Number of protein chains: 2
Amino acid sequence: MAVNDARPLRADARRNREKVMVAARAAFTEHGEKATLDDIARRAGVGPGTLYRHFADRETLLAEVYRHDIEGLAERGRALSEQYPPGEAFAEFLRMEFDYIKAKRGLGTAVKQMLGTGSSTLIECKGVMRDAIGDLLGRAQEAGAIRKEVEPDDVLRLVHGVVMATESAPDMADRLLGFVLDGLRPPA
Amino acid sequence: MAVNDARPLRADARRNREKVMVAARAAFTEHGEKATLDDIARRAGVGPGTLYRHFADRETLLAEVYRHDIEGLAERGRALSEQYPPGEAFAEFLRMEFDYIKAKRGLGTAVKQMLGTGSSTLIECKGVMRDAIGDLLGRAQEAGAIRKEVEPDDVLRLVHGVVMATESAPDMADRLLGFVLDGLRPPA
DNA sequence: CGACAACCGGAGATACTCTCCGCTTAGCTC
DNA sequence: GAGCTAAGCGGAGAGTATCTCCGGTTGTCG
């Protein structure tokens, strides 16, 4: 729906969709994940009806904003693997993912809750992240920096977990991420 | 409020408060953290007004239910330290905490979100857990099973994180918890 | 038992999500 | 550029959840 229709959106519709996305990103960043949709519509200068035609419900909107960000993250991840040695690149990527979710107060938690509902957009996001992590992880493993039995999903979840657990205490983030990374390294 | 008032509650009020707690625990376990409060009141056989006099809002109620459970957990934790050797007791406690939050679908996430709001009940919970963990952690550290620089707060947050991250995939829980525990052990 | 404070409960104020539909306008055709 | 058509707009409002207020009721104490 609204994602891949036969004919392209009319110009005004496309504009409005974009305005809503921008307003939504701002609102979610500012008020946490529970910004009201009517308010987002108002900020965007469109009626609630317009917002809801483009995004079926609050979760869809949230997921769409998230998807956009995730794709940017994965992109930067690919760049990392060319700038750093394998082990470093991996650790650096985790820190990056980290900073992102940290900047988005509560968004991570909200997204996590939605994963249970089976949103197709989020499943897509997960795939994108899994690929990005999988690549870096594979290299790190070949280089002997990370245990062989660790899988991309493990990393995905661990990072998410640490992020969520430190949303209210960002200072601890690096420290905890460090412990987790140690747990992924091969035994000396 | 309603926690430590000068005079004790009237008998009927006390009864109602208890009925609401029971209904709330059932509802939260059954419908996840978003069971409606009016529904809880109905189940408990009281009016919404009564519910809201005892528990200022949804978060307060959730926190109160949580507190009750946490105290039980901490109690069981103390028992563990007498049944197992230090390192084992510690690991076993984490698994226990784990199973509890897992059983409570989504409650962990909800509680976590509230930590940011500074609920006094939850701060108390955290204190209780920190003490329980601190004790087991201290013994494990003395026995050389866990690194010296690990602090109770680290453990608290890591476990919470893993729990939240595996709410939608409980099968991975043990595995991830294992990685985290490895990260807390002294380097070989 | 009588009086009074504590407590009850439900009607309803408020707020939010999401829908429906009459009006507007972009974009194609001639 | 004028007219036609369907895509799109936006706001009124239905549905629902949270939380409040207050007239009536009931426990408790002298």
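Quantities reported herein were computed from a predicted structural model and do not represent experimental measurements. The figures that follow rest on heavy atoms only: side chains count, while hydrogens, waters and symmetry mates do not. Letters A, B, ... are given to chains in the order of the sequence lines, protein chains preceding strands, and every chain is numbered from 1.
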*Apart from A:Met164 itself, what residues make up its hydrophobic cluster when side-chain heavy atoms of I, L, V, M, F, W and Y under 4.5 Å apart count as a link, directly or indirectly?*
B:Met164
*Please check the phosphate of C:dC8 (OP1 and OP2 only) for any side-chain N or O of B:His54 closer than 4.0 Å.*
yes
*A:Asp12 CG - C:dA26 P separation (whole Å)*: 6 Å
Would you list the protein and nucleotides 16-20 of chain C atom pairs, both N or O, that sit under 3.5 Å from each other?
unit_1: C:dT17; atom_1: OP1; unit_2: A:Arg58; atom_2: NH1; d: 2.8
unit_1: C:dT17; atom_1: OP2; unit_2: A:Leu37; atom_2: N; d: 3.1
unit_1: C:dC18; atom_1: OP2; unit_2: A:Arg58; atom_2: N; d: 3.1

*side-chain hydrogen bond (donor to acceptor under 3.5 Å, both in side chains) partners of A:Tyr100, counting only residues at least two apart*: A:Asp69
*Who passes side-chain hydrogen bond (donor to acceptor under 3.5 Å, both in side chains) against B:Asp99, sequence neighbours left out?*
none
*Is the shortest side-chain N/O distance from B:Asn16 to OP1 or OP2 of C:dC7 below 4.0 Å?*
no
*Find the distance B:Leu51:CG to C:dC7:P and express it as a whole number of Å.*
15 Å
*Determine which pairs satisfy salt bridge (Lys or Arg N to Asp or Glu O under 4.0 Å) with at least one residue from residues 161-174 of chain B, sequence neighbours left out, and list them in order.*
A:Lys112-B:Glu167
*For the helix from C:dC1-D:dG30 to C:dC30-D:dG1, measure the angle between the helix axis at one end and the axis at the other, each built from five pairs, rounding to 10°.*
10°
*Please tell me if the side chains of B:Arg25 and B:His68 come closer than 4.5 Å, counting only heavy atoms from C-beta onward.*
yes
*Considering only heavy atoms of chain B and a distance under 4.0 Å, specify the first and last nucleotide of DNA chain D in 5' to 3' order that meet this criterion.*
D:dA17 to D:dT28
_So, using salt bridge (Lys or Arg N to Asp or Glu O under 4.0 Å) as the criterion, who are the partners of A:Glu88 when residues are at least two apart?_
none
_Residues in side-chain hydrogen bond (donor to acceptor under 3.5 Å, both in side chains) contact with B:Glu142, at least two apart in sequence or another chain_ = none
*Please answer whether the main-chain N or O of B:Ala165 pairs with a side-chain N or O of A:Arg157 as donor and acceptor at a distance below 3.5 Å.*
yes
*When the nearest nucleotide of DNA chain D is assigned to A:Thr50 and to B:Thr50 on a heavy-atom basis, which residue is associated with the more 5' position?*
A:Thr50
*salt bridge (Lys or Arg N to Asp or Glu O under 4.0 Å) partners of residues 179-188 of chain A, not counting sequence neighbours, each pair once*: A:Asp182-A:Arg185, A:Asp182-B:Arg147
*Looking at residues at least two apart in the chain, or sitting in another chain, which of them share a salt bridge (Lys or Arg N to Asp or Glu O under 4.0 Å) with B:Arg95?*
B:Glu92
_salt bridge (Lys or Arg N to Asp or Glu O under 4.0 Å) against A:Arg14, all qualifying residues, sequence neighbours excluded_ = none
